Amino acid sequence: MLSIAQIDHRFVQSIFCFCGISRSICSTSNGFIDGFQRIEKYLIDYRKSSNCDTVSDENQEEESVDSVGTSGRYEEEEEEHHQQNVFNRSSFLRNTKNAAAMALKVLQQDGPGFDARSALDNLEIQVSGLLVREVLIGILKNINQANRERCVKLGYKFFIWSGQKQDYNHTVNTYHLIMQIFAESQEYKAMWRLLDEMTEKGYPVTSRTFNIFICSCGEAGIAKKVVERFIKSNSFNFRPFKHSFNAILHSLHAIKHYNLIEWVYQQMLADGRQPDTLTYNIIMYAKYRLGRLDQFHSLFDEMGRNGFPPDLHTFNILLHIYGRANKPAEAVVHLSMMKEAGIEPNVLHFTNLIDALSRAGNMDACKYFFDLMVEQGCEPDVVAYTVMINAHIAGGQFEKAEEMFSDMFDNGKIPNVYTYNTMIRGLCMAGKFEYACLMLKEMESRGCNPNFLVYKTLVSFLKNAGKVFEANEVIKGMVEKGQYGHLLKRIKKYKRC
DNA sequence: CTAGGGTTAG
(Lines give C-alpha, C1' and ligand atoms only; values in the text may rest on other atoms or scores of the structure.)
Protein backbone atom coordinates (compact mmCIF):
# COMPACT_ATOMS: atom_id res chain seq x y z
CA MET A 1 0.00 0.00 0.00
CA LEU A 2 2.67 2.44 1.03
CA SER A 3 4.81 1.91 -1.98
CA ILE A 4 1.87 2.37 -4.30
CA ALA A 5 1.08 5.61 -2.57
CA GLN A 6 4.63 6.77 -2.98
CA ILE A 7 4.74 5.97 -6.63
CA ASP A 8 1.47 7.80 -7.10
CA HIS A 9 2.84 10.79 -5.37
CA ARG A 10 5.98 10.91 -7.41
CA PHE A 11 3.99 10.44 -10.56
CA VAL A 12 1.71 13.32 -9.67
CA GLN A 13 4.68 15.49 -8.84
CA SER A 14 6.49 14.71 -12.05
CA ILE A 15 3.41 15.58 -14.05
CA PHE A 16 3.32 18.78 -12.06
CA CYS A 17 6.81 19.69 -13.15
CA PHE A 18 6.06 18.63 -16.67
CA CYS A 19 3.03 20.92 -16.79
CA GLY A 20 5.01 23.85 -15.53
CA ILE A 21 7.70 23.44 -18.13
CA SER A 22 5.41 22.78 -21.02
CA ARG A 23 3.31 25.76 -20.18
CA SER A 24 6.24 28.10 -20.35
CA ILE A 25 7.38 26.57 -23.62
CA CYS A 26 4.01 26.50 -25.32
CA SER A 27 2.65 29.73 -24.00
CA THR A 28 1.47 30.79 -27.42
CA SER A 29 -0.91 27.94 -28.03
CA ASN A 30 -4.22 28.44 -26.32
CA GLY A 31 -5.28 24.88 -26.73
CA PHE A 32 -2.27 23.71 -24.84
CA ILE A 33 -2.70 26.18 -22.03
CA ASP A 34 -6.29 25.20 -21.51
CA GLY A 35 -5.47 21.57 -21.62
CA PHE A 36 -2.68 21.79 -19.13
CA GLN A 37 -4.49 24.17 -16.86
CA ARG A 38 -7.24 21.63 -16.64
CA ILE A 39 -4.80 18.90 -15.74
CA GLU A 40 -3.11 21.18 -13.26
CA LYS A 41 -6.38 22.11 -11.61
CA TYR A 42 -7.24 18.46 -11.38
CA LEU A 43 -3.94 17.69 -9.77
CA ILE A 44 -4.28 20.50 -7.23
CA ASP A 45 -7.71 19.20 -6.32
CA TYR A 46 -6.37 15.70 -6.21
CA ARG A 47 -3.67 16.70 -3.77
CA LYS A 48 -6.15 18.58 -1.61
CA SER A 49 -8.73 15.85 -1.60
CA SER A 50 -6.26 13.06 -1.04
CA ASN A 51 -5.11 15.08 1.96
CA CYS A 52 -1.53 14.80 0.81
CA ASP A 53 -1.39 11.47 2.55
CA THR A 54 1.56 10.45 0.50
CA VAL A 55 3.48 13.45 1.74
CA SER A 56 2.87 12.41 5.29
CA ASP A 57 4.22 8.99 4.47
CA GLU A 58 7.49 10.56 3.49
CA ASN A 59 7.52 12.88 6.45
CA GLN A 60 6.97 9.97 8.70
CA GLU A 61 10.31 8.56 7.72
CA GLU A 62 12.16 11.75 8.55
CA GLU A 63 10.27 12.38 11.72
CA SER A 64 10.75 8.93 13.08
CA VAL A 65 14.43 9.81 13.33
CA ASP A 66 13.83 13.19 14.92
CA SER A 67 11.23 12.10 17.35
CA VAL A 68 12.99 9.18 18.92
CA GLY A 69 12.09 9.32 22.57
CA THR A 70 10.53 12.79 22.36
CA SER A 71 6.88 12.98 21.52
CA GLY A 72 4.88 9.80 21.77
CA ARG A 73 1.63 11.66 21.27
CA TYR A 74 2.77 13.02 17.98
CA GLU A 75 3.54 9.54 16.76
CA GLU A 76 0.13 8.35 17.82
CA GLU A 77 -1.51 11.13 15.86
CA GLU A 78 0.60 10.26 12.87
CA GLU A 79 -0.37 6.65 13.21
CA GLU A 80 -4.03 7.55 13.43
CA HIS A 81 -3.70 9.80 10.44
CA HIS A 82 -1.99 7.03 8.56
CA GLN A 83 -4.69 4.50 9.37
CA GLN A 84 -7.30 7.00 8.26
CA ASN A 85 -5.54 7.29 4.92
CA VAL A 86 -5.32 3.58 4.47
CA PHE A 87 -9.02 3.46 5.19
CA ASN A 88 -9.75 6.28 2.74
CA ARG A 89 -7.78 4.61 0.05
CA SER A 90 -9.37 1.22 0.43
CA SER A 91 -12.85 2.70 0.52
CA PHE A 92 -11.98 4.71 -2.60
CA LEU A 93 -10.96 1.48 -4.29
CA ARG A 94 -14.12 -0.28 -3.20
CA ASN A 95 -16.36 2.59 -4.26
CA THR A 96 -14.67 2.79 -7.61
CA LYS A 97 -15.12 -0.91 -8.23
CA ASN A 98 -18.79 -0.65 -7.37
CA ALA A 99 -19.21 2.38 -9.60
CA ALA A 100 -17.49 0.53 -12.44
CA ALA A 101 -19.82 -2.41 -12.03
CA MET A 102 -22.82 -0.08 -12.17
CA ALA A 103 -21.48 1.67 -15.25
CA LEU A 104 -20.97 -1.69 -16.97
CA LYS A 105 -24.54 -2.67 -16.15
CA VAL A 106 -25.86 0.56 -17.64
CA LEU A 107 -23.76 0.05 -20.76
CA GLN A 108 -25.14 -3.43 -21.21
CA GLN A 109 -28.64 -1.98 -21.50
CA ASP A 110 -27.56 0.21 -24.38
CA GLY A 111 -29.74 -0.09 -27.46
CA PRO A 112 -32.54 1.59 -29.35
CA GLY A 113 -34.65 3.73 -27.05
CA PHE A 114 -32.04 3.75 -24.30
CA ASP A 115 -29.87 6.76 -23.75
CA ALA A 116 -26.72 5.33 -22.17
CA ARG A 117 -25.14 8.75 -21.74
CA SER A 118 -27.83 10.22 -19.58
CA ALA A 119 -28.20 6.93 -17.75
CA LEU A 120 -24.49 7.14 -16.93
CA ASP A 121 -24.93 10.73 -15.87
CA ASN A 122 -27.76 9.69 -13.59
CA LEU A 123 -25.46 7.31 -11.74
CA GLU A 124 -23.63 10.40 -10.50
CA ILE A 125 -20.41 8.50 -10.15
CA GLN A 126 -17.04 10.10 -9.71
CA VAL A 127 -15.04 9.64 -12.88
CA SER A 128 -11.39 8.85 -12.23
CA GLY A 129 -8.60 7.14 -14.09
CA LEU A 130 -9.21 4.06 -12.00
CA LEU A 131 -12.91 3.99 -12.81
CA VAL A 132 -12.33 4.27 -16.56
CA ARG A 133 -9.68 1.60 -16.29
CA GLU A 134 -12.01 -0.75 -14.42
CA VAL A 135 -14.81 -0.31 -16.94
CA LEU A 136 -12.60 -0.72 -20.01
CA ILE A 137 -10.88 -3.77 -18.53
CA GLY A 138 -14.31 -5.17 -17.76
CA ILE A 139 -15.25 -4.82 -21.40
CA LEU A 140 -11.93 -6.16 -22.64
CA LYS A 141 -12.19 -9.26 -20.48
CA ASN A 142 -15.54 -10.25 -21.91
CA ILE A 143 -14.84 -9.50 -25.54
CA ASN A 144 -15.18 -12.37 -28.02
CA GLN A 145 -15.83 -12.99 -31.69
CA ALA A 146 -19.58 -12.78 -31.31
CA ASN A 147 -19.92 -9.62 -29.26
CA ARG A 148 -16.87 -7.66 -30.29
CA GLU A 149 -18.67 -5.08 -32.43
CA ARG A 150 -20.98 -4.25 -29.60
CA CYS A 151 -18.12 -4.19 -27.10
CA VAL A 152 -16.25 -1.71 -29.26
CA LYS A 153 -19.30 0.49 -29.49
CA LEU A 154 -19.93 0.44 -25.77
CA GLY A 155 -16.28 0.89 -24.89
CA TYR A 156 -15.92 3.88 -27.15
CA LYS A 157 -19.17 5.38 -25.93
CA PHE A 158 -17.88 5.16 -22.39
CA PHE A 159 -14.48 6.48 -23.39
CA ILE A 160 -16.04 9.56 -24.96
CA TRP A 161 -18.52 10.07 -22.14
CA SER A 162 -15.84 9.91 -19.45
CA GLY A 163 -13.40 12.03 -21.44
CA GLN A 164 -15.92 14.87 -21.49
CA LYS A 165 -16.21 14.99 -17.71
CA GLN A 166 -14.78 18.04 -16.04
CA ASP A 167 -11.80 17.43 -13.81
CA TYR A 168 -11.00 14.23 -15.61
CA ASN A 169 -8.55 13.59 -18.39
CA HIS A 170 -7.78 10.30 -20.01
CA THR A 171 -4.43 8.80 -19.19
CA VAL A 172 -1.96 6.99 -21.38
CA ASN A 173 -3.31 3.83 -19.81
CA THR A 174 -6.95 4.49 -20.71
CA TYR A 175 -5.87 5.30 -24.27
CA HIS A 176 -4.07 1.99 -24.41
CA LEU A 177 -7.13 0.14 -23.16
CA ILE A 178 -9.50 1.64 -25.69
CA MET A 179 -6.91 0.93 -28.39
CA GLN A 180 -6.78 -2.69 -27.29
CA ILE A 181 -10.56 -2.90 -27.53
CA PHE A 182 -10.41 -1.53 -31.06
CA ALA A 183 -7.58 -3.92 -31.85
CA GLU A 184 -9.75 -6.88 -30.84
CA SER A 185 -12.18 -5.84 -33.50
CA GLN A 186 -9.55 -4.96 -36.09
CA GLU A 187 -10.68 -1.35 -36.20
CA TYR A 188 -7.31 -0.07 -37.33
CA LYS A 189 -8.47 3.31 -38.54
CA ALA A 190 -9.86 4.14 -35.13
CA MET A 191 -6.57 3.06 -33.56
CA TRP A 192 -4.56 5.37 -35.78
CA ARG A 193 -6.92 8.20 -34.98
CA LEU A 194 -6.45 7.62 -31.28
CA LEU A 195 -2.69 7.53 -31.75
CA ASP A 196 -2.85 10.91 -33.50
CA GLU A 197 -4.99 12.23 -30.73
CA MET A 198 -2.52 11.07 -28.09
CA THR A 199 0.30 12.75 -29.96
CA GLU A 200 -1.66 15.97 -30.40
CA LYS A 201 -2.44 16.12 -26.72
CA GLY A 202 1.18 15.57 -25.82
CA TYR A 203 0.77 12.15 -24.24
CA PRO A 204 3.89 10.02 -24.35
CA VAL A 205 3.64 7.22 -26.86
CA THR A 206 5.48 4.29 -25.33
CA SER A 207 6.66 0.86 -26.33
CA ARG A 208 3.39 -0.42 -24.88
CA THR A 209 1.56 1.63 -27.49
CA PHE A 210 3.82 0.18 -30.15
CA ASN A 211 3.13 -3.28 -28.84
CA ILE A 212 -0.64 -2.88 -29.09
CA PHE A 213 -0.28 -1.73 -32.68
CA ILE A 214 2.18 -4.33 -33.82
CA CYS A 215 0.24 -7.17 -32.24
CA SER A 216 -2.90 -6.07 -33.99
CA CYS A 217 -1.56 -6.28 -37.53
CA GLY A 218 -1.24 -9.59 -39.25
CA GLU A 219 -0.02 -8.44 -42.62
CA ALA A 220 3.68 -7.70 -42.98
CA GLY A 221 2.97 -4.59 -45.04
CA ILE A 222 0.93 -3.00 -42.30
CA ALA A 223 3.45 -3.98 -39.66
CA LYS A 224 6.15 -2.15 -41.58
CA LYS A 225 3.98 0.95 -41.71
CA VAL A 226 3.52 0.79 -37.95
CA VAL A 227 7.26 0.50 -37.44
CA GLU A 228 7.93 3.42 -39.77
CA ARG A 229 5.45 5.59 -37.99
CA PHE A 230 6.98 4.89 -34.58
CA ILE A 231 10.57 5.36 -35.74
CA LYS A 232 9.77 8.75 -37.17
CA SER A 233 7.52 9.85 -34.34
CA ASN A 234 8.82 12.69 -32.20
CA SER A 235 6.56 11.81 -29.33
CA PHE A 236 7.76 8.21 -29.08
CA ASN A 237 9.14 7.71 -25.61
CA PHE A 238 11.71 4.98 -26.22
CA ARG A 239 13.25 4.93 -22.77
CA PRO A 240 15.00 3.05 -21.24
CA PHE A 241 16.57 2.43 -24.64
CA LYS A 242 19.07 4.64 -26.42
CA HIS A 243 17.00 5.28 -29.51
CA SER A 244 13.73 4.30 -31.10
CA PHE A 245 15.33 1.50 -33.14
CA ASN A 246 16.46 -0.36 -30.07
CA ALA A 247 13.10 0.12 -28.38
CA ILE A 248 11.33 -1.27 -31.42
CA LEU A 249 13.78 -4.13 -31.86
CA HIS A 250 13.26 -5.08 -28.27
CA SER A 251 9.48 -5.07 -28.58
CA LEU A 252 9.67 -7.18 -31.73
CA HIS A 253 12.01 -9.57 -29.94
CA ALA A 254 9.45 -9.96 -27.15
CA ILE A 255 6.73 -10.92 -29.63
CA LYS A 256 9.06 -13.13 -31.68
CA HIS A 257 8.68 -11.17 -34.89
CA TYR A 258 12.04 -12.19 -36.31
CA ASN A 259 11.47 -11.31 -39.95
CA LEU A 260 10.51 -7.82 -39.01
CA ILE A 261 13.61 -7.54 -36.83
CA GLU A 262 15.80 -8.13 -39.88
CA TRP A 263 13.93 -5.46 -41.77
CA VAL A 264 14.13 -2.91 -38.95
CA TYR A 265 17.87 -3.57 -38.71
CA GLN A 266 18.24 -2.73 -42.38
CA GLN A 267 16.30 0.49 -41.83
CA MET A 268 18.54 1.30 -38.91
CA LEU A 269 21.71 0.87 -40.94
CA ALA A 270 20.24 2.89 -43.78
CA ASP A 271 19.55 5.60 -41.25
CA GLY A 272 23.23 5.67 -40.31
CA ARG A 273 22.74 4.33 -36.76
CA GLN A 274 25.47 2.21 -35.22
CA PRO A 275 24.37 -1.02 -33.56
CA ASP A 276 25.35 -1.50 -29.93
CA THR A 277 25.45 -4.61 -27.75
CA LEU A 278 21.66 -4.70 -27.38
CA THR A 279 21.14 -4.37 -31.12
CA TYR A 280 23.65 -7.11 -31.88
CA ASN A 281 22.15 -9.48 -29.34
CA ILE A 282 18.67 -9.09 -30.74
CA ILE A 283 19.72 -9.34 -34.36
CA MET A 284 21.87 -12.37 -33.63
CA TYR A 285 19.04 -14.10 -31.83
CA ALA A 286 16.72 -13.37 -34.74
CA LYS A 287 19.28 -14.81 -37.16
CA TYR A 288 19.48 -17.95 -35.07
CA ARG A 289 15.69 -18.31 -34.96
CA LEU A 290 15.50 -17.82 -38.70
CA GLY A 291 18.03 -20.60 -39.16
CA ARG A 292 20.78 -18.35 -40.54
CA LEU A 293 23.63 -19.49 -38.36
CA ASP A 294 26.28 -18.34 -40.82
CA GLN A 295 25.04 -14.78 -40.49
CA PHE A 296 24.87 -15.26 -36.75
CA HIS A 297 28.56 -16.02 -36.63
CA SER A 298 29.60 -13.19 -38.89
CA LEU A 299 27.59 -10.79 -36.75
CA PHE A 300 29.27 -12.17 -33.67
CA ASP A 301 32.68 -11.45 -35.20
CA GLU A 302 31.59 -8.00 -36.32
CA MET A 303 30.37 -7.24 -32.84
CA GLY A 304 33.80 -8.00 -31.35
CA ARG A 305 35.59 -6.04 -34.08
CA ASN A 306 33.44 -2.99 -33.33
CA GLY A 307 34.40 -3.03 -29.70
CA PHE A 308 31.38 -4.75 -28.19
CA PRO A 309 32.52 -7.81 -26.26
CA PRO A 310 29.91 -10.49 -25.56
CA ASP A 311 27.87 -9.74 -22.44
CA LEU A 312 25.67 -12.01 -20.33
CA HIS A 313 22.91 -12.01 -22.92
CA THR A 314 25.28 -12.87 -25.71
CA PHE A 315 26.57 -15.80 -23.68
CA ASN A 316 23.04 -16.87 -22.96
CA ILE A 317 22.31 -17.09 -26.67
CA LEU A 318 25.57 -18.91 -27.35
CA LEU A 319 24.83 -21.46 -24.64
CA HIS A 320 21.39 -22.00 -26.07
CA ILE A 321 22.79 -22.63 -29.52
CA TYR A 322 25.38 -25.10 -28.26
CA GLY A 323 22.70 -26.83 -26.24
CA ARG A 324 20.37 -27.21 -29.19
CA ALA A 325 23.23 -28.51 -31.29
CA ASN A 326 23.92 -31.05 -28.55
CA LYS A 327 27.41 -29.79 -27.92
CA PRO A 328 27.79 -29.92 -24.14
CA ALA A 329 31.57 -29.72 -24.37
CA GLU A 330 31.30 -26.39 -26.16
CA ALA A 331 28.92 -25.23 -23.48
CA VAL A 332 31.47 -26.07 -20.80
CA VAL A 333 34.10 -24.09 -22.67
CA HIS A 334 31.78 -21.10 -22.89
CA LEU A 335 30.88 -21.25 -19.24
CA SER A 336 34.53 -20.86 -18.35
CA MET A 337 34.96 -18.13 -20.98
CA MET A 338 32.17 -16.25 -19.28
CA LYS A 339 33.89 -16.48 -15.94
CA GLU A 340 37.15 -15.27 -17.44
CA ALA A 341 35.28 -12.30 -18.80
CA GLY A 342 34.03 -11.60 -15.30
CA ILE A 343 30.46 -12.71 -15.96
CA GLU A 344 29.21 -15.32 -13.49
CA PRO A 345 26.79 -17.82 -15.01
CA ASN A 346 23.47 -17.67 -13.15
CA VAL A 347 20.22 -19.68 -13.02
CA LEU A 348 19.03 -18.17 -16.25
CA HIS A 349 22.10 -19.34 -18.15
CA PHE A 350 21.87 -22.85 -16.75
CA THR A 351 18.13 -23.12 -17.26
CA ASN A 352 18.46 -21.94 -20.81
CA LEU A 353 21.22 -24.43 -21.49
CA ILE A 354 19.38 -27.33 -19.86
CA ASP A 355 16.24 -26.57 -21.82
CA ALA A 356 18.18 -26.49 -25.07
CA LEU A 357 19.94 -29.77 -24.26
CA SER A 358 16.66 -31.46 -23.42
CA ARG A 359 15.32 -30.45 -26.81
CA ALA A 360 18.40 -32.04 -28.28
CA GLY A 361 17.52 -35.18 -26.30
CA ASN A 362 20.65 -35.25 -24.19
CA MET A 363 19.29 -36.12 -20.78
CA ASP A 364 22.70 -36.95 -19.30
CA ALA A 365 23.97 -33.49 -20.12
CA CYS A 366 20.83 -31.96 -18.60
CA LYS A 367 21.52 -33.73 -15.33
CA TYR A 368 25.20 -32.86 -15.50
CA PHE A 369 24.52 -29.12 -15.80
CA PHE A 370 21.76 -29.19 -13.22
CA ASP A 371 24.19 -30.67 -10.70
CA LEU A 372 26.92 -28.29 -11.79
CA MET A 373 24.58 -25.39 -11.22
CA VAL A 374 23.83 -26.50 -7.67
CA GLU A 375 27.50 -27.21 -7.06
CA GLN A 376 28.39 -23.68 -8.09
CA GLY A 377 26.04 -22.28 -5.51
CA CYS A 378 23.31 -21.43 -7.95
CA GLU A 379 19.94 -22.32 -6.47
CA PRO A 380 17.47 -23.81 -8.93
CA ASP A 381 14.16 -21.96 -9.02
CA VAL A 382 10.69 -22.94 -10.27
CA VAL A 383 11.66 -22.50 -13.89
CA ALA A 384 14.82 -24.56 -13.53
CA TYR A 385 12.86 -27.38 -11.89
CA THR A 386 10.12 -27.19 -14.48
CA VAL A 387 12.64 -27.41 -17.28
CA MET A 388 14.18 -30.49 -15.67
CA ILE A 389 10.77 -32.08 -15.16
CA ASN A 390 9.98 -31.39 -18.77
CA ALA A 391 13.31 -32.90 -19.83
CA HIS A 392 12.58 -36.12 -17.95
CA ILE A 393 9.13 -36.37 -19.43
CA ALA A 394 10.47 -35.80 -22.91
CA GLY A 395 12.90 -38.63 -22.24
CA GLY A 396 10.07 -40.87 -21.15
CA GLN A 397 11.30 -41.10 -17.57
CA PHE A 398 8.23 -40.18 -15.67
CA GLU A 399 9.43 -41.45 -12.29
CA LYS A 400 12.41 -39.12 -12.49
CA ALA A 401 10.07 -36.27 -13.27
CA GLU A 402 8.01 -37.06 -10.20
CA GLU A 403 11.18 -37.15 -8.13
CA MET A 404 12.09 -33.69 -9.33
CA PHE A 405 8.60 -32.49 -8.57
CA SER A 406 8.89 -33.55 -4.96
CA ASP A 407 12.50 -32.31 -4.67
CA MET A 408 11.13 -29.00 -5.68
CA PHE A 409 8.70 -28.99 -2.78
CA ASP A 410 11.47 -30.07 -0.41
CA ASN A 411 13.50 -27.08 -1.48
CA GLY A 412 10.61 -24.77 -0.82
CA LYS A 413 9.84 -23.89 -4.40
CA ILE A 414 6.17 -23.51 -5.31
CA PRO A 415 5.06 -25.00 -8.63
CA ASN A 416 3.23 -22.65 -10.98
CA VAL A 417 0.95 -23.10 -14.00
CA TYR A 418 3.83 -24.15 -16.23
CA THR A 419 4.96 -26.77 -13.74
CA TYR A 420 1.48 -28.19 -13.26
CA ASN A 421 0.78 -28.24 -16.95
CA THR A 422 4.04 -30.09 -17.56
CA MET A 423 3.20 -32.61 -14.84
CA ILE A 424 -0.33 -33.11 -16.13
CA ARG A 425 1.03 -33.70 -19.60
CA GLY A 426 3.54 -36.17 -18.19
CA LEU A 427 0.89 -38.03 -16.22
CA CYS A 428 -1.28 -38.30 -19.31
CA MET A 429 1.62 -39.59 -21.36
CA ALA A 430 2.29 -42.18 -18.69
CA GLY A 431 -1.35 -43.20 -18.91
CA LYS A 432 -2.09 -42.10 -15.35
CA PHE A 433 -5.25 -40.23 -16.16
CA GLU A 434 -6.79 -40.37 -12.68
CA TYR A 435 -3.67 -38.76 -11.29
CA ALA A 436 -3.70 -36.16 -14.02
CA CYS A 437 -7.23 -35.16 -13.03
CA LEU A 438 -6.20 -35.13 -9.37
CA MET A 439 -3.29 -32.87 -10.25
CA LEU A 440 -5.76 -30.39 -11.73
CA LYS A 441 -7.73 -30.46 -8.48
CA GLU A 442 -4.52 -30.06 -6.51
CA MET A 443 -3.38 -27.00 -8.38
CA GLU A 444 -6.76 -25.41 -7.86
CA SER A 445 -6.73 -26.14 -4.15
CA ARG A 446 -3.26 -24.63 -3.89
CA GLY A 447 -4.54 -21.44 -5.40
CA CYS A 448 -2.82 -21.91 -8.74
CA ASN A 449 -5.39 -20.96 -11.33
CA PRO A 450 -5.34 -23.34 -14.32
CA ASN A 451 -5.20 -21.48 -17.60
CA PHE A 452 -6.78 -22.55 -20.85
CA LEU A 453 -3.73 -24.50 -21.94
CA VAL A 454 -3.91 -26.71 -18.86
CA TYR A 455 -7.50 -27.65 -19.68
CA LYS A 456 -6.67 -28.12 -23.32
CA THR A 457 -3.78 -30.45 -22.50
CA LEU A 458 -5.84 -32.61 -20.19
CA VAL A 459 -8.98 -32.70 -22.34
CA SER A 460 -7.20 -33.55 -25.56
CA PHE A 461 -5.22 -36.36 -23.94
CA LEU A 462 -8.38 -37.74 -22.36
CA LYS A 463 -10.28 -37.61 -25.62
CA ASN A 464 -7.49 -39.22 -27.57
CA ALA A 465 -7.50 -42.04 -25.03
CA GLY A 466 -11.23 -42.47 -25.59
CA LYS A 467 -12.12 -41.18 -22.14
CA VAL A 468 -14.93 -38.96 -23.34
CA PHE A 469 -16.77 -38.92 -20.05
CA GLU A 470 -13.75 -37.73 -18.08
CA ALA A 471 -12.95 -35.17 -20.73
CA ASN A 472 -16.43 -33.75 -20.48
CA GLU A 473 -16.18 -33.62 -16.72
CA VAL A 474 -13.06 -31.50 -17.04
CA ILE A 475 -14.76 -29.24 -19.56
CA LYS A 476 -17.73 -28.93 -17.26
CA GLY A 477 -15.47 -27.85 -14.42
CA MET A 478 -13.78 -25.34 -16.69
CA VAL A 479 -17.04 -23.80 -17.87
CA GLU A 480 -18.36 -23.64 -14.33
CA LYS A 481 -15.45 -21.43 -13.44
CA GLY A 482 -16.77 -19.24 -16.21
CA GLN A 483 -13.55 -18.01 -17.74
CA TYR A 484 -12.87 -19.97 -20.86
CA GLY A 485 -16.34 -20.72 -22.21
CA HIS A 486 -15.67 -18.77 -25.38
CA LEU A 487 -12.56 -20.87 -26.07
CA LEU A 488 -14.45 -24.16 -26.08
CA LYS A 489 -14.33 -24.26 -29.85
CA ARG A 490 -10.60 -24.71 -29.76
CA ILE A 491 -10.90 -27.92 -27.81
CA LYS A 492 -13.64 -29.24 -30.06
CA LYS A 493 -11.59 -28.42 -33.09
CA TYR A 494 -8.77 -30.45 -31.63
CA LYS A 495 -11.11 -33.40 -31.23
CA ARG A 496 -12.00 -33.52 -34.93
CA CYS A 497 -8.38 -33.76 -36.01
C1' DC B 1 16.00 -2.93 -10.27
C1' DT B 2 14.28 -1.76 -15.73
C1' DA B 3 17.20 -6.53 -22.45
C1' DG B 4 17.77 -12.68 -20.42
C1' DG B 5 15.30 -18.69 -18.98
C1' DG B 6 9.61 -22.41 -19.55
C1' DT B 7 3.86 -25.40 -21.55
C1' DT B 8 6.51 -28.06 -29.41
C1' DA B 9 2.90 -26.26 -33.29
C1' DG B 10 1.85 -25.16 -38.09
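Fair warning: this is a prediction, and the values are worked out from it, not measured in the lab. Proteins get letters first, then strands, A, B, ... in listed order; numbering begins at 1 in each.
Classification of A:K367 and A:D371 as a salt-bridged pair fails, no side-chain N sitting under 4.0 Å from a carboxylate O. Under a 4.0 Å N-O distance rule, the pair A:K400/A:D407 does not qualify as a salt bridge.
In this structure, A:M429 atom CE and B:dT8 atom C1' are separated by 11 Å, rounded to whole Å. In this structure, CD1 of A:I317 is placed 8 Å from C1' of B:dG4, rounded to the nearest angstrom. If you measure from atom CD1 of A:I321 to atom P of B:dG5, you get 14 Å, rounded to the nearest angstrom. Rounding to whole angstrom units, CD1 of residue A:I255 and P of B:dA3 are separated by 18 Å. Atom pair A:L453:CG and B:dT8:C1' shows a separation of 11 Å (rounding to whole Å applied). Look at CD1 on A:I424: it is 12 Å from P on B:dT8, rounded to the nearest Å. One interatomic measurement links the two molecules: CZ of A:R208 to C1' of B:dA3, which rounds to 18 Å at whole-angstrom precision.
The side chain of A:H313 lies closest to B:dA3, out of B:dG6, B:dA3, B:dT8. Listed candidates were B:dT8, B:dA3, B:dG4. Nearest to the side chain of A:P240 is B:dA3. Distances were taken from every side-chain heavy atom of A:R359 (C-beta onward) to each of B:dG4, B:dG5, B:dG6; the shortest belongs to B:dG6. Considering only side-chain atoms of A:H349, the nucleotide from B:dG4, B:dG6, B:dG5 that sits closest is B:dG4.
Across all strands shown, A:T386 has heavy atoms under 4.0 Å from base atoms, whether or not it also approaches the sugar-phosphate. Residue contacts shown for A:T419 include a base, since a base heavy atom lies under 4.0 Å away. Within the 4.0 angstrom heavy-atom criterion, base atoms lie near A:A384. Across all strands shown, A:N246 has no heavy atoms under 4.0 Å from either base or sugar-phosphate atoms. Across all strands, A:V347 comes closer than 4.0 Å to base atoms (heavy-atom distances). Backbone-only engagement by A:V387 is indicated by non-hydrogen atom pairs under 4.0 Å involving sugar-phosphate atoms exclusively.
Heavy atoms only, all atoms of each residue included: A:F433 and A:A465 are closest at CZ-CB, 3.5 Å.
Distances shorter than 4.0 Å separate none of the side-chain N or O atoms of A:N316 from OP1 or OP2 on B:dA3. Regarding contacts with the backbone of B:dG4, a side-chain N or O of A:H250 is found under 4.0 angstrom from either OP1 or OP2.
Sorted by residue number, the members of residues 274-304 of chain A with any non-hydrogen atom under 4.0 Å from DNA chain B read A:L278, A:N281.
Summarising the geometry, atom CG belonging to A:L252 is positioned 5.0 Å from atom CG belonging to A:L260; distances are rounded to the nearest 0.5 Å.
With sequence neighbours excluded, no residue forms a ring-ring contact (aromatic ring centres under 6.0 Å, His included) with A:Y418. With sequence neighbours excluded, the residues that form a side-chain contact (heavy atoms from CB on, under 4.5 Å) with A:Q180 are A:L140, A:L177, A:R208, A:I212.
A donor-acceptor contact under 3.5 angstrom links the side-chain atoms of A:D381 to the base of B:dG5.
Atom NZ of A:K256 sits in a sparse spot, with 12 or fewer heavy atoms from other residues, nucleotides or ligands closer than 6.0 Å.
Ring planes of A:F245 and A:H243: perpendicular class, angle over 60° (limits at 30 and 60°).
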